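Below: the structure, in structure tokens.
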Amino acid sequence: MGKWLKKTAGLKELLDSKKASRIAEYMYMVALVCYSLATFLNATMIKEHINTGLLFNIVEISGMLVILKIIFFDNWKPKELLILVLLGIIFWQACQTAYDFTLFYYFVLTLGAKNLDVKTLFKTSLVTISVALIVTILAAQLGFIDNLTFGRRGTATVRYALGVIYPTDLAARVFYLMLFYAVLKKFRLSITDYISYLAITVMVYTLTDTRLDALLMLLVIITGVLYKYIVKALIYINDKIIGSLIALFVFVNLLLAYFFVPTNPFFSLINKMLSWRLVYGNLAFKNYNVPLLGQFIPQTGNGGIHTGPFNYFFIDSSFIRVLMMHGFVAFVCVISLLLFLSHRFLSKKAYALEIALFFVVLSSAIDQHMLEISYNILFVAALADISYWVEDRQSLSGNVEKSVNK
């Protein structure tokens, strides 16, 4: 009888554990969808027809929901929880000073994803943003919201935003959707996928005239073709070397902007290739010091509706934005996260995620969307379950070698 009672108690405890796990997952998924939609809508012309204060309230409620999950369901040790709270306070202060809370909420959502299945999170994000983007485009085409058009300096080119606030934001949206769909398929794309990807890339480039994001889309396609060979290279290169290359790329991005000289032919060429991004990165360094814990930098971009003349100034590079707006401490934490993710993906043999990290780093050099989870959801993989992407190293390496010999 005693043994039966123990077994019953153990079964009840297991059921309670599973129930708690489901509740925690539902809490996070609801928060992720609501937060993603709120931030998505805030970057479209739909925001002109709704209360933006309501969107911010949804963001706050989503954040609180994830914080409750972290406290009551994630089994952090008291010391660990104390460190996380202190780090959260630092990020909150930096964000409050900068008037940009994306870093804080991404921090919360990354912690809240602990032990959850990343595949499910990626699928949820992909479906949510895809549907939202299609609805936005349809609303713009049917005249329910403004379909903004823009010209490119010195040309007769007309660029379309299709309901988004600016063409480059539309192109970045599509790039990230293409990237994470490919990641979910571990870059094993079908002929139909390749044809669709090429058609989408051509269409987005034609509509938005966004060269750099179109190039990233083409690189995603090329990565699908060469995936096995890229993985073979990752297998044979030391993960410390790869981490060093990522850090070097980030710092070169900063140094190019910091030392930019308009009259220098080399800098002039790089600046033109990067669509004049070095100019504004350099202005940020000239006009502001690097803060420890954030500062407010007034910026006016081309996106949205402007009723009169304005002085354009916008920091596109995500790395420069974090350093100059959220401060040195936040910048060090973000770079540390990139290196941690790279080490984790390579040590777990999750090569598709490592390649996705490369794309995020490349995109972040030219776009401001690194910490916007409705674009880049990769960082939630820091503490979550990534077993879906674990590759059998030896069999994969063997397949690559066979294909090379053929």
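Positions are given from 1 along the sequence. Values in this document were obtained by computation on a predicted structure and should not be read as measured data.
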Distance check, rounded to the nearest 0.5 Å: [X] atom [atom1] versus [Y] atom [atom2]?
| X | Y | atom1 | atom2 | answer |
| --- | --- | --- | --- | --- |
| Asp239 | Arg344 | CG | CZ | 14.5 Å |
| Leu234 | Tyr227 | CG | OH | 8.5 Å |
| Leu371 | Thr102 | CG | OG1 | 5.0 Å |
| Thr120 | Phe122 | OG1 | CZ | 11.0 Å |
| Tyr176 | Leu126 | OH | CG | 14.0 Å |
| Phe150 | Ile165 | CZ | CD1 | 8.5 Å |

Heavy atoms, side chains only, cut-off 4.5 Å: are [X] and [Y] in contact?
| X | Y | value |
| --- | --- | --- |
| Thr210 | Val204 | no |
| Asp316 | Asp367 | no |
| Ile129 | Arg173 | yes |
| Ser364 | Phe319 | yes |
| Met29 | Leu116 | no |
| Pro298 | Phe296 | yes |
| Ser275 | Leu212 | yes |
| Asp385 | Val118 | no |

With no hydrogens and no angle check, is any side-chain donor or acceptor of [X] less than 3.5 Å from a backbone partner on [Y]?
| X | Y | result |
| --- | --- | --- |
| His326 | Phe104 | no |
| Ser36 | Val33 | no |
| Tyr28 | Leu109 | yes |
| Gln299 | Ile315 | yes |
| Tyr258 | Lys286 | no |
| Thr44 | Leu41 | yes |
| Asp146 | Leu148 | no |
| Glu48 | Met45 | no |
| Asp74 | Trp76 | no |
| Asp100 | Cys95 | no |

Side chains of [X] and [Y], donor plus acceptor under 3.5 Å:
| X | Y | answer |
| --- | --- | --- |
| Ser342 | Glu354 | yes |
| Ser317 | Asn253 | yes |
| Ser190 | Asp193 | yes |
| Thr168 | Arg159 | no |

Relative to [Y], does [X] satisfy both conditions: NZ or CZ under 6.0 angstrom from the six-membered ring centre, and within 45 degrees of the ring's axis?
| X | Y | answer |
| --- | --- | --- |
| Arg321 | Phe314 | yes |
| Lys349 | Trp389 | no |
| Lys69 | Tyr26 | no |

Legend entry - Val183 to Ala356 - nearest heavy-atom pair and separation: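 So the two residues come closest at CG2-CB, 3.6 Å.
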Legend entry - Stepwise side chain to side chain donor-acceptor pair (under 3.5 Å) check, Gln93 with Thr97: CA-CA 6 Å; Gln93 179 59 46; Thr97 306; 3.2 Å; yes
Inset, instruction - Could you check Leu346 against Ile242 for side chain to side chain contact (heavy atoms under 4.5 Å, CB included), going step by step and ending with a plain yes or no? - result: CA-CA 9 Å; Leu346 289 173; Ile242 293 175; 3.6 Å; yes
Legend entry - Near-ring test Phe345/Tyr351, centroid separation under 6.0 angstrom: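 That pair fails the under 6.0 Å test.
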Inset, instruction - Kindly say whether the aromatic ring centers of Tyr280 and Tyr312 come within a distance under 6.0 Å. - result: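 Centroid distance Tyr280-Tyr312: below 6.0 Å, so yes.
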Taking everything shown except [X] itself, do over 12 heavy atoms lie less than 6.0 Å from its [atom1]?
| X | atom1 | result |
| --- | --- | --- |
| Asn287 | CG | yes |
| Tyr160 | OH | no |
| Phe56 | CZ | yes |
| Lys185 | NZ | yes |
| Lys348 | NZ | no |
| Leu248 | CG | yes |

Inset, instruction - List the steps, then state whether side chain to side chain contact (heavy atoms under 4.5 Å, CB included) holds for Met178 with Ile200. - result: CA-CA 9 Å; Met178 288 174 62; Ile200 291 170; 3.9 Å; yes
Inset, instruction - Classify the ring geometry between Phe91 and Phe107 as parallel (under 30°), tilted (30 to 60°) or perpendicular (over 60°). - result: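 Correct class here is perpendicular.
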Inset, instruction - Classify the angle between the aromatic ring planes of Tyr181 and Tyr197 as parallel (below 30°), tilted (30 to 60°) or perpendicular (above 60°). - result: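 The rings of Tyr181 and Tyr197 sit tilted, inter-plane angle from 30° to 60°.
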Inset, instruction - Have a look at Val322 and tell me which of Val334, Ile335, Val332 forms a side-chain contact (heavy atoms from CB on, under 4.5 Å) with it. - result: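 Exactly one option meets the side-chain contact (heavy atoms from CB on, under 4.5 Å) with Val322, and it is Val334.
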Legend entry - Trace of the side chain to side chain contact (heavy atoms under 4.5 Å, CB included) decision for Leu32 with Leu121: CA-CA 8 Å; Leu32 175 63; Leu121 301 184; 4.3 Å; yes
Legend entry - Identified ring pair (Phe, Tyr, Trp, His ring centres under 6.0 Å) partner of Tyr35 from the options Tyr106, Tyr105, Phe101: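 Checked Tyr106, Tyr105, Phe101 against Tyr35; only one passes ring pair (Phe, Tyr, Trp, His ring centres under 6.0 Å): Tyr105.
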Legend entry - Non-neighbouring partners of Ile23 that pass side chain to side chain contact (heavy atoms under 4.5 Å, CB included), sequence neighbours left out: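 Here the qualifying residues are Lys19, Met27, Phe73.
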Legend entry - Pairs touching residues 202-224 that satisfy ring pair (Phe, Tyr, Trp, His ring centres under 6.0 Å), sequence neighbours left out: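 Ring pair (Phe, Tyr, Trp, His ring centres under 6.0 Å) check on residues 202-224 returns no pairs.
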Inset, instruction - Taking only Lys NZ, Arg NE, NH1 and NH2, and the carboxylate oxygens of Asp or Glu, determine whether Arg188 and Glu391 approach each other closer than 4.0 Å. - result: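 Looking at Arg188 and Glu391, the cut-off is met.
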Legend entry - Derivation of the side chain to side chain contact (heavy atoms under 4.5 Å, CB included) call for Ser62 and Ile58: CA-CA 6 Å; Ser62 300; Ile58 292 172; 4.1 Å; yes
